**Student:** 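Quick one: structure below, then a few questions.
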2 protein chains.
Amino acid sequence: MTKVLIVDDEPQILRALRINLRARDYDVQTAADGGSALESAAAYLPDLIVLDLGLPDMDGVEVIRRVRGWTDAPIIVLSGRAGSEDKVKALDAGADDYVTKPFGVDELLARMRAVTRRHAGQAATTVLIGRHSVDVANHLITSTEGGEGTRLTPTEWHLLSLLVRSPGKLISQKQLLHDVWGPQYASETNYLRQYMAQLRRKLEPDPAHPRQLLTEPGMGYRFLANP
Amino acid sequence: MTKVLIVDDEPQILRALRINLRARDYDVQTAADGGSALESAAAYLPDLIVLDLGLPDMDGVEVIRRVRGWTDAPIIVLSGRAGSEDKVKALDAGADDYVTKPFGVDELLARMRAVTRRHAGQAATTVLIGRHSVDVANHLITSTEGGEGTRLTPTEWHLLSLLVRSPGKLISQKQLLHDVWGPQYASETNYLRQYMAQLRRKLEPDPAHPRQLLTEPGMGYRFLANP
DNA sequence: CCGAATTTTGACGCTGCCTTGACGGAGCAG
DNA sequence: CTGCTCCGTCAAGGCAGCGTCAAAATTCGG
């Protein structure tokens with residue numbers, strides 16, 4: 001579930017966004033001024049920050065700069081000012097997008113999807129595999145259609161993490177063996193065959209014809225995020 | 001130098017952007033309709049695409065979808081329509097940003113910086129051969145026109161990597177044989193004939209008349225990046 | 001110390017890759 | 001014209017690599 005921090009000093013906007021985002025299954029936190037925004041960002045570690053520039057206590061651009069000092073999370077700026085200069089300043093300070101008020105909620109949601117899609121490559125904490133939602137960081141699997149979530153053994157988690165960590169990228173057998181079983185097992189491809197089969201059996205809808213946990217014959221394995 | 005492809009059917013906008021971007025040290029190409037936009041994108045491999053949605057021959061969203069099929073380059077949409085629905089469609093199709101006309105050039109430039117800044121981190125080295133986009137690092141091939149991407153065997157990848165690594169340069173048969181099959185196979189030119197044929201069959205549009213995987217009789221082989 | 005879960009090891013069939021050999025045509029020299 | 005070299009093409013056999021099943025060995029909690 002994507003964690004969003006919303007920073008705005010107008011309570012009704014905060015409230016409207018909170019309701020809309022929660023309805024779409026976002027995990028939402030809010031802040032009403034620059035100081036608490038910085039605190040919340042550090043404590044809550046959001047995947048995405050929606051930031052109003054017109055804060056009572058601090059310049060919005062300054063907030064962007066401070067946040068950018070330690071995190072790469074996407075920032076979407078909201079602002080009443082439509083001036084070119086403000087936009088340039090905010091974007092160059094590290095913002096990813098700039099939306100002028102008044103704005104449509106649908107548009108904001110689409111822009112949120114666009115920026116998180118870009119950022120998802122490395123920070124993806126939860127991915128979809130077959131009918132399962134896999135949270136690698138918390139070692140949690142939930143079924144997307146009500147049923148029971150499968151359970152993975154430690155070794156299975158370890159192997160899956162490596163693959164999921166870099167979606168779309170080919171990872172060589174040697175690398176996988178090295179990282180999961182240690183340097184001395186550089187050629188025991190039996191392990192990989194065994195555990196890839198188990199992962200497919202537990203996650204892929206049709207284990208015989210995997211769509212996301214793919215084999216690249218003679219080279220390695222690959223995880224595809226978008227099947 | 002960042003390569004930008006600008007797609008718009010209004011000549012004066014094309015001209016204005018071209019001048020402004022060239023002055024800022026961008027490498028600029030232009031296209032006036034969807035068809036030539038897709039061609040240019042495949043031939044020119046831009047780092048960033050600025051795309052007007054109101055094209056004469058094709059739906060802009062369709063252009064986005066087609067381009068997204070084989071490349072990850074950021075796309076900024078220009079549009080006269082300010083409606084929420086158009087924005088959502090374009091962004092969900094894979095666009096990174098959406099700017100409504102009329103727009104300030106400074107703002108567009110700032111948004112270009114913002115999206116390229118994001119994309120810089122995850123850029124992959126990809127080469128175009130025939131109708132295929134070849135990512136040598138990730139061992140991935142995607143078609144530039146929708147269909148399925150071909151698959152290469154390990155030996156085919158090995159040979160192709162050597163050729164692609166130094167575009168335009170002639171590589172001797174001895175060198176290729178040595179690097180792929182080992183020092184003892186310094187004269188088995190059968191291998192090369194066999195595998196060059198397979199590469200051409202899988203990558204060249206007309207394998208009988210190769211345009212990029214070329215033979216230099218009596219010498220070796222050569223890969224041409226720009227056909 | 002016992003039992004269940006997990007890891008490790010071994011064996012087997014099959015797909016598809018590598019290898020090998022043979023053949024034909026283009027280009028060139030004599 | 002003739003013979004030669006070099007390249008492209010095709011076909012077929014052997015075998016490596018992958019998926020699968022099964023069972024032994026190990027770990028771990030109670």
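Given the structure is predicted, the values throughout are model-derived calculations rather than measurements. We name chains A, B, ... by the order of the sequence lines, and we start the count at 1 in each one.
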**Student:** How many whole angstroms separate atom CE of M196(B) from atom C1' of dC7(D)?
**Tutor:**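 From M196(B) CE to dC7(D) C1': 12 Å.
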
**Student:** Under 4.0 Å between any heavy atoms, over every strand shown, what does Y221(B) touch: base, sugar-phosphate, or nothing? Just pick one.
**Tutor:** sugar-phosphate

**Student:** Does Y26(B) have K3(B) sitting over its ring (NZ/CZ under 6.0 Å from centre, angle to axis within 45°)?
**Tutor:** no

**Student:** dT7(C), OP1 or OP2 - any side-chain N/O from T153(A) closer than 4.0 Å?
**Tutor:** yes

**Student:** Does a side-chain N or O from T215(B) land closer than 4.0 Å to OP1 or OP2 of dC7(D), or not?
**Tutor:**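 So the side chain of T215(B) is outside the cut-off, no N or O lying under 4.0 Å from OP1 or OP2 of dC7(D).
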
**Student:** Do the two ring centres, one from W157(B) and one from Y195(B), sit under 6.0 Å apart?
**Tutor:** no

**Student:** Checking R200(A) against T215(A): is there a side-chain donor and acceptor pair closer than 3.5 Å?
**Tutor:** yes

**Student:** Going through the checks in order, is the salt bridge (charged side-chain N to carboxylate O under 4.0 Å, His left out) test met by R68(B) and D92(B)?
**Tutor:** CA-CA 11 Å; R68(B) 264 292 165 275; D92(B) 278 343; over 6 Å; no

**Student:** Take atom CG of L177(B) and atom P of dC6(D), then tell me their distance rounded to the nearest Å.
**Tutor:**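 Rounding to the nearest Å, CG of L177(B) and P of dC6(D) are 14 Å apart.
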
**Student:** Is T155(A) near enough to dT7(C) that one of its side-chain N or O atoms lies under 4.0 angstrom from OP1 or OP2?
**Tutor:** yes

**Student:** Should the ring pair Y191(A) and W181(A) be called parallel, tilted or perpendicular, given that the plane angle runs from 0 to 90° and is split at 30 and 60?
**Tutor:**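 Rings of Y191(A) and W181(A): parallel, as their planes differ by under 30°.
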
**Student:** Could you state the CG-C1' distance from L214(B) to dC7(D), rounded to the nearest angstrom?
**Tutor:** 14 Å

**Student:** CG of L192(B) versus C1' of dC6(D): gap in Å, rounded?
**Tutor:**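 Atom CG in L192(B) sits about 13 Å away from atom C1' in dC6(D).
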
**Student:** Whole Å only: how far is the NE2 atom of H158(A) from the P atom of dT6(C)?
**Tutor:** 17 Å

**Student:** So, does Q173(A) get its side chain near the phosphate of dG17(D), meaning an N or O under 4.0 Å from OP1 or OP2?
**Tutor:**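 The answer is no; no side-chain N or O of Q173(A) sits under 4.0 Å from OP1 or OP2.
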
**Student:** Is R200(B) touching bases, backbone alone, or none of the nucleic acid, heavy atoms closer than 4.0 Å?
**Tutor:**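 Since only primed, P, OP1 and OP2 atoms lie under 4.0 Å of R200(B), the category is sugar-phosphate.
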
**Student:** Counting side-chain heavy atoms from C-beta on, which of dT9(D), dT20(D), dT8(C) comes nearest to N190(B)?
**Tutor:** dT9(D)

**Student:** Are any of W181(B)'s side-chain N or O atoms less than 4.0 Å away from OP1 or OP2 of dT19(C)?
**Tutor:**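 The answer is yes; a side-chain N or O of W181(B) sits under 4.0 Å from OP1 or OP2.
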
**Student:** State whether the distance check finds a donor on one side and an acceptor on the other, under 3.5 Å, for side chain E156(B) versus base dC18(C).
**Tutor:**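 Under the 3.5 Å cut-off, the side chain and the base do not form any donor-acceptor pair.
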
**Student:** May I ask you to verify whether the side chain of E216(B) and the base of dC7(D) hold a donor-acceptor pair under 3.5 Å?
**Tutor:**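 Side chain to base: no pair present.
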
**Student:** Starting from C1' on dG19(D), measure out to OH on Y195(A) and report it in whole angstrom.
**Tutor:** 16 Å

**Student:** How many Å lie between CD on Q194(A) and C1' on dT9(C), as a whole number?
**Tutor:** 9 Å

**Student:** Does one side chain, of T126(B) or S133(B), offer a donor that lies under 3.5 Å from an acceptor on the other?
**Tutor:**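 Note: T126(B) and S133(B) side chains meet the donor-acceptor criterion.
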
**Student:** Among dG21(C), dT7(C), dT20(D), which is the nearest nucleotide to the side chain of R193(A)?
**Tutor:**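 Nearest to the side-chain atoms of R193(A), counting from C-beta on, is dT20(D).
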
**Student:** Taking OP1 and OP2 of dC18(D), is either one under 4.0 Å from a side-chain nitrogen or oxygen of Y191(A)?
**Tutor:** no

**Student:** CD of Q198(A) versus P of dT9(C): gap in Å, rounded?
**Tutor:** 15 Å

**Student:** Using the side-chain heavy atoms of P154(A), tell me which of these nucleotides is nearest: dC21(D), dC10(D), dT7(C).
**Tutor:**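 The listed nucleotide nearest to P154(A)'s side chain is dT7(C).
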
